[in-house]
Amino acid sequence: MSDTTELPKAYDPKEVEARWYAHWMERNYFRAEATSDKPPFCIVLPPPNVTGSLHLGHALTATIQDILIRWKRMSGFNALWVPGTDHAGIATQMVVERELKEKEKKSRHDLGREKFLERVWEWKNKYGNRIREQHKVLGASLDWSRERFTMDPGVSSAVREVFVRLHEEGLIYRAQKLINWCPSCHTALSDLEVEHEEKQGSLWHIQYPVKGSDRKLTVATTRPETMLGDTAVAIHPDDERYQGLAGQFVVLPLTGREIPIIADAELVDPAFGTGVVKVTPAHDFNDYQTGLRHHLPMLNVLDEAARINKEGGAYAGMERFAARKKILEDLTAQGLLEKEEPHKLSVGGCQRCATVVEPRLSPQWFVKIEPLAKPAIEAVEQGRTKIIPETWTNTYFHWMRNIHDWTISRQLWWGHQIPAWYCADCSPRLEATGGIDYSRAEPIVSRAAPEKCPKCDSSRLEQDPDVLDTWFSSGLWPFSTLGWPEQAPELKTFYPNSVMETGHDILFFWVARMMMFGLHFMKDVPFRTVYLHAMVRDEKGEKMSKTKGNVIDPLDIVLGAPAEQLNKNLRNKFPQGMPAHGADALRFTLASLTQQGRDIKLSLDRVAGYKAFANKLWNASRFALMNLGDFTLDNRPITERELTLADRWILSRLQRAIAVTRTSLDAYAFGEAASTLYQFLWSEFCDWYIELSKGSLYGEDPKARDTTRAVLVYCLDRILRLLHPFMPFITEEIWQKLPMARPTDSIMLASYPEPEASLEDAAAEAEMGPVIAAIEGLRNIRGESNLPPSARITAYVQSADERTRELLERWRGYLMPLAGLGELRITAPGSKPAQSAAFVGPQMEVFVPLAGLIDVDAERERLTKEISRSEQEVGGIQRKLDNPNFVAKAPPDVVEKDRARVEELTARISKLRDSLKRLEPDTSTPAATETAAPEPTASKADAEGEVVKAEAGAVEAEAVETEAGAVEAKSFEDEDDEEFEEIGEEFDEDDGDGHAIGDTEAGEAQASARAERKGVIARGVVKTQAESEASPVRASAEKKASTKKAPAPKPESAAKKAAPAQKAAAKKAAPVKKAAAKKAPAKKAAPAKKAAVKKAAAKKAPAKKAPAKKAVARKAPAKKAAAKKAPAKAQR
RNA sequence: GGGCGGAUAGCUCAGCGGUAGAGCGUCGCCCUUACAAGGCGAGGGUCACAGGUUCAAUCCCUGUUCCGCCCA
């Protein structure tokens, strides 16, 4: 073991993260073998487009998948995660074209196909490499030995095989059909690549003269320019307004062409517009269908750039929107434009360039989808593939059931060229250009370039210039990456994949197509589960886009970046540049924000928060390592050691954290898993266990120390392994430093923790309840009075429940340092110290003599608030109980619970009122005066200077003093029941009523009711308390009985009178020395501090009045107050 | 036009029949030797609106308003 005692104080992710990835790569840990005894688990990475670098969506993808893969790998699976990239045909071609134009002022046509493709390959290599490096920075444990690209030879041969087979089966065909066409990209698009947007447009009413009549038919259209291609007008057959017109003709304005009037019930909605529809089969999908039904001519009036072609006569050469304008002018001039009215319409734009898409008649390749979709629907219906979140299942079905044939050919250069050839000799040719007329030519489909034309034996064959839709090749990804069409062993092992994890935005584009292809070619679903994650947006919920300038590069978050590299928003936020947050922090953030069915709004404050979490883990580990000495954890079961309550408690809580984390991961509830680990590490392990461990670590008992060390290492080992899938780097770094036998060389190969029943310890959790409650109550009193941590206070705990007293007595070593006590006295209920702060806890009442330490006003305010809260709550419940229907109809246990709660609250209120009463300045009784504190303000000043600092572990041994006049300073050696009883007696005289705490039963109800509202920690307590009544506690009680030291109390009234003197002496002696040594260098002089305190108190009074009143007026904040005390809340 | 989701603390979100929770932010006290990227304490909510079911509704049902997304 190297030197483990010195870790840097702050965690530096940059240094650590850079080291480990290389190490893992070197050891080949990411590699999965095709043959293995382990069960397979396989994810293929959705291949990022090589258009550019990774964005935060990719980072989310990588994070979730790496969590799954690392978790499964640690759980004993043969876990394969296949990396790869996508050639992204149209998108990549566009970015390269843009670059070419910007840098060299050239178009792709200037270069020619071959040279241009060389450029695209250069681009692909550059960005493919960058993407690979980015994944490494993120810590993704991808098996790089299996990396693929969609245009690799292997994948390409899979593409050809699929194309040829589908063609042979008649599922791929070539046809001249109306397709979506981007006039800017000059290519066909599939339905999915068209993005519809609601836009404000117009509905123009245009008059078409009926031939041989004075009548004019008014058509309503949103696209007047297409009238040049009209080949009919349609009316509804039942429309009485137009009876008898069907079969006649109208004269198309501007062109003078005569076109028929047809009756069509499907196309025409008589209620819309004028009830007369112009029919343009070559430029509208509905009209196209109508044209087919009525055998209308399909007149194309636009060219590939959406300019009017020669069919448009006078308008030829005009761009479509210019033509629209001109046509409307001309119609107006002729008096044929009846009116224009505003109209909302949905306009389709090109996914890539946003140009308005034009329906266009052209020869393309199509996949006949229905035979493929049917099995894909059934597979999900039968649950062979499960979609998570389930809500997407319906969306999937809806789309799959309404799917049209898929246009797969693209008029691009970058992509898989279609494996079809045409004979240059016997194919029909276009008149205009002399080129092959692809709409009529017969393709020869073949896996490899054919040598001869089967018709004319010519060897002059030309390959179809078009390429395939990118999604055609990525649709094969789950098996093409595993070697298909070869019968690779990988296929056997890893197909079907276990999980397909991707964004919900590509459910149709990609997931649906993989389902269809997988089922068709592999005869089985491509994956068992589809997990669809949300979209990552900026912190305002806006989509990240370059045009908005709100894109955040994940690598900037991880590695940090100079200000000039950041977008504007970030530059404002980080004028000095973005600090490095580390991959672990980014991953944990993304995992935490992953909530099913919601977009992720990424805020850098969150990332910073989780960076702090990493730092917390670092420092908790640092604490442990600093206190381990030469300790090494051996392999014997931890239960064989003599565990303390704190040990048993944290080990038990750990089991719960393990169980919840595992359950959450199983359910893909990454946010819940992350939150569980966050809470456990911070709110339980750090806030409680580490604090509690200090006693034995700094104490004199070597055996106890070793036990604590063992538990620290044991817990850290589990925490690190649990966290490893989320935060791979820091966990490896720390894990390697833990002094213990490591069964594996790396944490990533270690086993994922499993809950151990033997460590679940309900009794320990129950026993911690009162301890935690007491500490929290005391901290509350301290906090409300703004007492500095250095101020020791004295606490009197009164409990009617003997067991509670025993427990508190036994764990005073926990209580005192954590509550900042100088002295702790635990007794049965008796009289209460006058002038004391008080709180009512489960089965106990705690008093803190004010003694000038506590701010009386603040305490009064605090009690008032507590009382009013309790009253509010009791009022609400009482109203319920007064309703006979409630008592009669509600389940008895609910009624009973409420009754118990009322009882408990009533008791609580009366105790609190009593405490409050005893604080009223004007009601102080003579007796109280006798034992009263000196003038509060004066003694407060004293206190500032002379507060005793108790050493953590050494409290017992040290003489502690307080200012309290009511309580004499005394050392713990001679402390105990005798003197205390005596004081109690004296108080009895003051205030005889005794206020006995309720009987045990009531007390218990009270305890559990309270505990129930206590969040994380107490939740365990509640359930277990009742169950645990029996053996374990009794056992410990017995143990305690045997070790109990003090005999029965004996009265000794004289001691009390002598005490003040003692106190005075003590005050002068030790504390002052300490104060001098410790406080002298401190900057704050006593008066200054005092002033500050006073000011604070003064300030508080008026400022707080309003809110306090408001709180009273408000509904029922009582419950909240109680719940808030849960340590979970305490954490920052 | 159809479908899906959402509206809960200043912000981001859990919860989903027994009168509310977290993180961040805010306020107060503290540089207590694991951590100031920290500790302790506090404040902050008619759970969008209107009806209904129920002994009981933030939660179930219906409707309304607003905000996303998908499909046509």
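Each chain gets a letter, A, B and so on, in the order the sequences are listed, and its residues count up from 1. Scope of the values below: all heavy atoms of this structure, side chains included, with no hydrogens, waters or symmetry mates.
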**Study point:** Residue closer to the 5' end of RNA chain B, A:D605 versus A:A620 (nearest nucleotide)
**Key:**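 The 5'-side residue here is A:D605.
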Point to revise | Closest-nucleotide 5' rank along RNA chain B - winner of A:C686 and A:N394 | key: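 Here A:N394 is the residue nearer the 5' end.
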If you measure from the [atom1] atom in [N] to the same atom in [M], how many Å do you get, rounded?
{"N": "B:rG38", "M": "B:rU32", "atom1": "C1'", "answer": "11 Å"}
{"N": "B:rU65", "M": "B:rC49", "atom1": "P", "answer": "16 Å"}
{"N": "B:rC59", "M": "B:rG21", "atom1": "C1'", "answer": "14 Å"}
{"N": "B:rC55", "M": "B:rU19", "atom1": "C1'", "answer": "14 Å"}
{"N": "B:rU58", "M": "B:rA9", "atom1": "C1'", "answer": "14 Å"}
{"N": "B:rG43", "M": "B:rG10", "atom1": "P", "answer": "15 Å"}
{"N": "B:rA22", "M": "B:rA14", "atom1": "P", "answer": "16 Å"}
{"N": "B:rC60", "M": "B:rG5", "atom1": "P", "answer": "12 Å"}

Review point. Who are the side chain to side chain contact (heavy atoms under 4.5 Å, CB included) partners of A:Q576, not counting sequence neighbours?
Key: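 In terms of side chain to side chain contact (heavy atoms under 4.5 Å, CB included), with neighbours along the sequence ignored, A:Q576 is linked to no residue.
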Review point. Can you list the residues that meet the side chain to side chain contact (heavy atoms under 4.5 Å, CB included) rule with A:R705, with sequence neighbours excluded?
Key: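 Partners of A:R705 under the side chain to side chain contact (heavy atoms under 4.5 Å, CB included) test: A:L697, A:P702, A:R709.
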Point to revise | Side chains of A:L720 and A:L738 in contact at under 4.5 Å (non-hydrogen atoms) | key: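 SC-SC contact between A:L720 and A:L738 confirmed.
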Once you apply a heavy-atom cut-off of 4.0 Å, does [X] come out as touching a base, just sugar-phosphate, or nothing?
{"X": "A:Y610", "result": "nothing"}
{"X": "A:K611", "result": "base"}
{"X": "A:I690", "result": "base"}
{"X": "A:E672", "result": "nothing"}

How many whole angstroms separate atom [atom1] of [X] from atom [atom2] of [N]?
{"X": "A:Y678", "N": "B:rA22", "atom1": "OH", "atom2": "C1'", "answer": "10 Å"}
{"X": "A:F397", "N": "B:rG2", "atom1": "CZ", "atom2": "C1'", "answer": "19 Å"}
{"X": "A:I772", "N": "B:rC40", "atom1": "CD1", "atom2": "P", "answer": "13 Å"}
{"X": "A:W618", "N": "B:rA36", "atom1": "CH2", "atom2": "C1'", "answer": "19 Å"}
{"X": "A:L821", "N": "B:rU32", "atom1": "CG", "atom2": "C1'", "answer": "15 Å"}

Check your understanding: Rounded to the nearest 0.5 Å, what separation is found between the CE atom of A:M400 and the OG1 atom of A:T393?
Key ->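 Between atom CE of A:M400 and atom OG1 of A:T393 there are 12.0 Å.
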Within the side chain of [X], is there an N or O that forms a donor-acceptor pair under 3.5 Å with the backbone of [Y]?
{"X": "A:H581", "Y": "A:I557", "answer": "yes"}
{"X": "A:N615", "Y": "A:A10", "answer": "no"}
{"X": "A:Y814", "Y": "A:A646", "answer": "yes"}
{"X": "A:R779", "Y": "A:L818", "answer": "yes"}
{"X": "A:R587", "Y": "A:F726", "answer": "yes"}
{"X": "A:K611", "Y": "A:A580", "answer": "yes"}

For a quick test of reading the model: is some side-chain N or O of [X] closer than 4.0 Å to OP1 or OP2 of [N]?
{"X": "A:Y698", "N": "B:rA34", "result": "yes"}
{"X": "A:K9", "N": "B:rA36", "result": "yes"}
{"X": "A:K694", "N": "B:rU32", "result": "no"}

Check your understanding: Who passes ring pair (Phe, Tyr, Trp, His ring centres under 6.0 Å) against A:F680, sequence neighbours left out?
Key ->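 None.
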Where the side chain of [X] is defined as all heavy atoms beyond and including C-beta, which of [options] is the nearest nucleotide?
{"X": "A:N615", "options": "B:rC35, B:rG38, B:rA34", "result": "B:rC35"}
{"X": "A:N619", "options": "B:rU12, B:rC4, B:rA34", "result": "B:rA34"}
{"X": "A:V894", "options": "B:rA34, B:rG18, B:rG23", "result": "B:rG18"}

Check your understanding: Would you say the side-chain atoms of A:E193 and A:S190 include a donor-acceptor pair closer than 3.5 Å?
Key ->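 Distance-only check passes for A:E193 and A:S190.
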Review point. Considering residues, nucleotides and ligands other than A:H398, do more than 12 of their heavy atoms fall under 6.0 Å from its NE2?
Key: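 Check fails, neighbour count at 12 or below.
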Check your understanding: For nucleotides 53-58 of chain B, read 5' to 3', which letter fits each nucleotide if B means a protein heavy atom sits under 4.0 Å from the base, S means only the sugar-phosphate is that close, and - means neither?
Key -> --B---
Check your understanding: Tell me, for nucleotides 66-72 of chain B in 5' to 3' order, what letter each nucleotide earns: B for a base near a protein heavy atom under 4.0 Å, S for only sugar-phosphate near one, - for neither?
Key -> ---SSSB
Check your understanding: Centres of the A:Y396 and A:F508 rings: under 6.0 Å?
Key ->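 A:Y396 vs A:F508: aromatic centres not under 6.0 Å.
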Review point. Side-chain donor or acceptor of A:K616 under 3.5 Å from a matching atom on the base of B:rC35?
Key: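 Donor-acceptor pair under 3.5 Å: yes.
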**Study point:** Base-pair map of RNA chain B as dot-bracket, where | denotes pairing with a different strand and pairs are Watson-Crick or G-U under 3.5 Å
**Key:** (((((((..((((....[..)))).(((((.......))))).....(((((..]....)))))))))))).
